[in-house]
Amino acid sequence: MKAVGYKKSLPIEDQDALIDFETAKPEPKGRDIRVAVKAISANPVDYKVRKRAAPPEGETKILGYDAAGIVDAVGPEVTLFKPGDEVFYAGSILRQGTNAEFHLVDERIVGNKPKSISFAQAAALPLTSITAWELLFDRLGAIPGKSVDPRTLLITGGAGGVGSILIQLARRLTGLTVVATATRPESQKWCLDLGAHAVIDHGKPMKEQIEKLKLPPVALVASLTFTDQHYKSIAEFMAPQGRFGLIDDPPEFTMSTFKGKAISVHWESMFTRSSFQTPDMIAQHHLLNDVADLIDKGVLRTTLDQTFGTINAANLKRAHALLESGKSRGKIVLEGW
């Protein structure tokens with residue numbers, strides 16, 4: 001089968017940063033399903049792994065987590081899917097990735113693809129949907145349901161992949177007031193179109209902008225990018241006893257910043273359940289099915305922004321370069337071989 005991978009951690013400008021190659025089609029065992037991959041999307045975790053985790057000498061590591069495709073074969077213990085089923089999922093960080101014609105994945109972290117959208121539109125959703133859902137409901141403890149919630153949720157980096165789905169989930173499924181941050185006019189408009197009540201510029205002092213809006217207290221924060229640059233200023237205007245959630249890897253982060261206000265800090269990693277085979281691992285199967293249902297009902301929409309052509313090394317290098325620039329919006333998808 002065709003695949004895209006890398007042998008050494010190299011800058012994306014290097015011609016061998018990602019390479020096209022052929023490898024054996026994997027065989028499903030246990031609860032694994034084999035998926036014929038139709039579309040994938042690129043995420044920041046792709047380039048972070050590429051830059052930090054070189055494969056053993058002589059091996060080629062396949063990246064990629066998001067995928068949408070058709071079940072091709074199933075392991076002997078599979079009960080949730082059968083060959084021919086259309087699925088979408090975000091894979092495991094401990095296994096070979098989705099940048100391949102065929103891919104093995106544990107059925108417990110796979111959902112039924114939304115019926116109303118294409119494979120490309122579906123591939124944009126899994127990793128960011130799981131991250132946003134777990135962050136909002138499991139980590140920050142937001143209350144699902146449209147009853148009035150007298151609190152504000154601040155989402156820093158609202159136009160990125162996770163922010164683009166988190167804005168929708170918070171606006172459509174909770175009673176929270178949703179404020180996103182974005183610096184460029186096109187990114188600010190993107191956030192408003194997705195449902196943010198207001199947008200502020202995180203390139204300028206945020207406290208003054210928040211105070212001018214005269215909104216309910218900022219009790220929940222989803223810090224999605226550059227946490228080290230913003231968390232101290234956010235702590236100044238957060239409500240006492242609030243919850244601060246983050247998904248990035250800040251080079252500097254002092255927990256005691258939040259002590260005076262008894263603000264709790266919550267990390268979200270959507271790979272935790274699959275990496276540790278947690279007893280509630282199947283929650284991601286149910287979560288993705290819920291997302292698919294909300295897509296088909298028109299409550300949520302795909303966050304696909306750009307399609308970069310077929311799945312190959314050249315196009316994936318373009319996607320990695322854009323993600324590394326920090327100027328992407330929504331999701332980048334590649335489709336077909």
Side-chain angles (χ1 to χ4, degrees), residues 1-10 12 14-43 45-111 113 119-120 122-123 126-127 271 274-275 277 281 284-285 308-320 333-337:
M1 67 174 184
K2 294 178 182 176
V4 180
Y6 70 106
K7 293 179 180 292
K8 295 180 180 179
S9 293
L10 298 166
I12 198 59
D14 192 293
Q15 65 174 6
D16 293 327
L18 292 170
I19 58 171
D20 296 303
F21 73 107
E22 295 268 340
T23 188
K25 185 190 294 188
E27 293 301 324
K29 299 175 183 177
R31 298 195 73 172
D32 280 345
I33 60 174
R34 186 172 67 199
V35 177
V37 175
K38 300 299 181 186
I40 61 168
S41 76
N43 293 282
V45 66
D46 297 49
Y47 75 74
K48 290 175 182 177
V49 171
R50 191 198 84 242
K51 292 168 83 169
R52 298 174 189 170
E57 186 68 31
E59 294 184 19
T60 306
K61 182 173 179 63
I62 302 171
L63 288 171
Y65 303 98
D66 275 332
I70 300 171
V71 177
D72 168 71
V74 301
E77 297 170 29
V78 168
T79 61
L80 302 175
F81 299 100
K82 63 185 184 304
D85 287 346
E86 297 183 352
V87 296
F88 73 145
Y89 60 94
S92 165
I93 204 161
L94 300 180
R95 308 181 70 172
Q96 287 284 44
T98 57
N99 298 346
E101 281 189 280
F102 295 91
H103 182 250
L104 294 184
V105 61
D106 189 300
E107 65 171 347
R108 289 170 289 180
I109 58 171
V110 178
K113 172 189 159 290
F119 284 105
L127 186 146
F271 292 117
S274 57
S275 294
Q277 300 277 300
M281 182 171 160
Q284 292 190 346
H285 165 70
F308 271 23
T310 55
I311 305 167
N312 60 41
N315 288 336
L316 271 165
K317 285 172 73 173
R318 288 172 54 217
H320 279 227
V333 170
L334 290 80
E335 182 178 22
W337 295 91

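Residue numbers run from 1 in the order of the sequence given.
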**Student:** Which residues pass the salt bridge (Lys or Arg N to Asp or Glu O under 4.0 Å) test with Arg108, sequence neighbours left out?
**Tutor:** Asp106
**Student:** Applying ring-ring contact (aromatic ring centres under 6.0 Å, His included), can you list everything that pairs with Phe119, at least two apart in sequence or on another chain?
**Tutor:** none
**Student:** Please report the interatomic distance CG(Leu10) to CD1(Ile19), rounded to the nearest 0.5 Å.
**Tutor:** 10.0 Å
**Student:** With a 3.5 Å distance limit and no angle check, can you tell me whether Asn99 reaches the backbone of Val4 through a side-chain donor-acceptor pair?
**Tutor:** no
**Student:** With a 4.5 Å cut-off on side-chain heavy atoms, are Val49 and Lys61 touching?
**Tutor:** yes
**Student:** Looking at every non-hydrogen atom in both residues, tell me the closest pair between Ala54 and Ser9 and how far apart they are.
**Tutor:** N-OG, 3.4 Å
**Student:** Taking all non-hydrogen atoms of both residues, which atom of Ile109 and which atom of Gly91 are closest, and how far apart?
**Tutor:** CD1-O, 3.5 Å
**Student:** Other residues, nucleotides and ligands only: do more than 12 of their heavy atoms fall within 6.0 Å of NZ on Lys82?
**Tutor:** no
**Student:** For the pair Glu107 (side chain) and Thr79 (backbone), establish whether a donor and an acceptor sit closer than 3.5 Å, ignoring hydrogens and angles.
**Tutor:** yes
**Student:** With a 3.5 Å cut-off and no angle check, do the side chains of Lys7 and Thr60 form a donor-acceptor pair?
**Tutor:** yes
**Student:** So does Tyr65 get a backbone contact from the side chain of His103, meaning a donor-acceptor N/O pair under 3.5 Å?
**Tutor:** no
**Student:** Do Leu63 and Leu18 have side-chain heavy atoms sitting under 4.5 Å apart?
**Tutor:** yes
**Student:** Which residue is it: Ile33, Val78, Leu80? I am looking for the one with a side chain to side chain contact (heavy atoms under 4.5 Å, CB included) to Val71.
**Tutor:** Ile33
**Student:** Give a yes or no answer on whether the side chain of Lys317 reaches the backbone of Asp14 with a donor-acceptor pair at less than 3.5 Å.
**Tutor:** yes
**Student:** Could you go step by step and tell me if His320 and Phe308 meet the ring pair (Phe, Tyr, Trp, His ring centres under 6.0 Å) rule?
**Tutor:** CA-CA 11 Å; His320 279 227; Phe308 271 23; over 10 Å; no
**Student:** Between atom CD1 of Ile93 and atom OG of Ser274, what is the distance when rounded to the nearest 0.5 Å?
**Tutor:** 8.5 Å
**Student:** Would you say the side chain of Thr310 lies within less than 4.5 Å of the side chain of Asn315, judging by non-hydrogen atoms?
**Tutor:** yes
**Student:** Using the salt bridge (charged side-chain N to carboxylate O under 4.0 Å, His left out) rule, take Glu77 and Arg31 through it: C-alpha gap first, then chi angles, then the decisive distance, then the call.
**Tutor:** CA-CA 5 Å; Glu77 297 170 29; Arg31 298 195 73 172; 5.7 Å; no
**Student:** Enter the distance from Phe102:CZ to Arg34:CZ here, rounded to the nearest 0.5 Å.
**Tutor:** 6.5 Å
**Student:** For Glu86, what residues pass the salt bridge (Lys or Arg N to Asp or Glu O under 4.0 Å) criterion, not counting sequence neighbours?
**Tutor:** Lys113
**Student:** How far apart are the closest heavy atoms of Tyr89 and Val37, and which atoms are they?
**Tutor:** OH-CG2, 4.4 Å
**Student:** Using the ring of Tyr6 (Phe, Tyr or Trp, six-membered ring only), decide whether Arg50 places NZ or CZ under 6.0 Å from its centre and within 45 degrees of its axis.
**Tutor:** no
**Student:** What distance do Ile40 atom CD1 and Asp46 atom CG have between them, rounded to the nearest 0.5 Å?
**Tutor:** 7.5 Å
**Student:** Under 4.5 Å between any side-chain heavy atoms of Lys2 and Asp20, yes or no?
**Tutor:** no
**Student:** Using a 4.5 Å cut-off on heavy atoms from C-beta on, say whether the side chain of Arg95 contacts that of Asp32.
**Tutor:** yes
**Student:** When you compare the side chain of Tyr47 with that of Ile12, does any pair of heavy atoms fall below 4.5 Å?
**Tutor:** no
**Student:** Looking only at non-hydrogen atoms, find the nearest pair between Pro126 and Ala67 and report the distance.
**Tutor:** CG-O, 4.2 Å
**Student:** Taking side chain as C-beta onward, heavy atoms only, is Phe21 less than 4.5 Å from Ile62?
**Tutor:** yes
**Student:** Is it the case that over 12 heavy atoms from other parts of the model lie below 6.0 angstrom from the CD atom of Glu57?
**Tutor:** no
**Student:** Are Phe81 and His285 packed together at the side-chain level, in the sense that at least one heavy-atom pair is separated by less than 4.5 angstrom?
**Tutor:** yes
**Student:** Keeping Glu335 on the side-chain end and Ala39 on the backbone end, is there a donor-acceptor pair under 3.5 Å?
**Tutor:** no
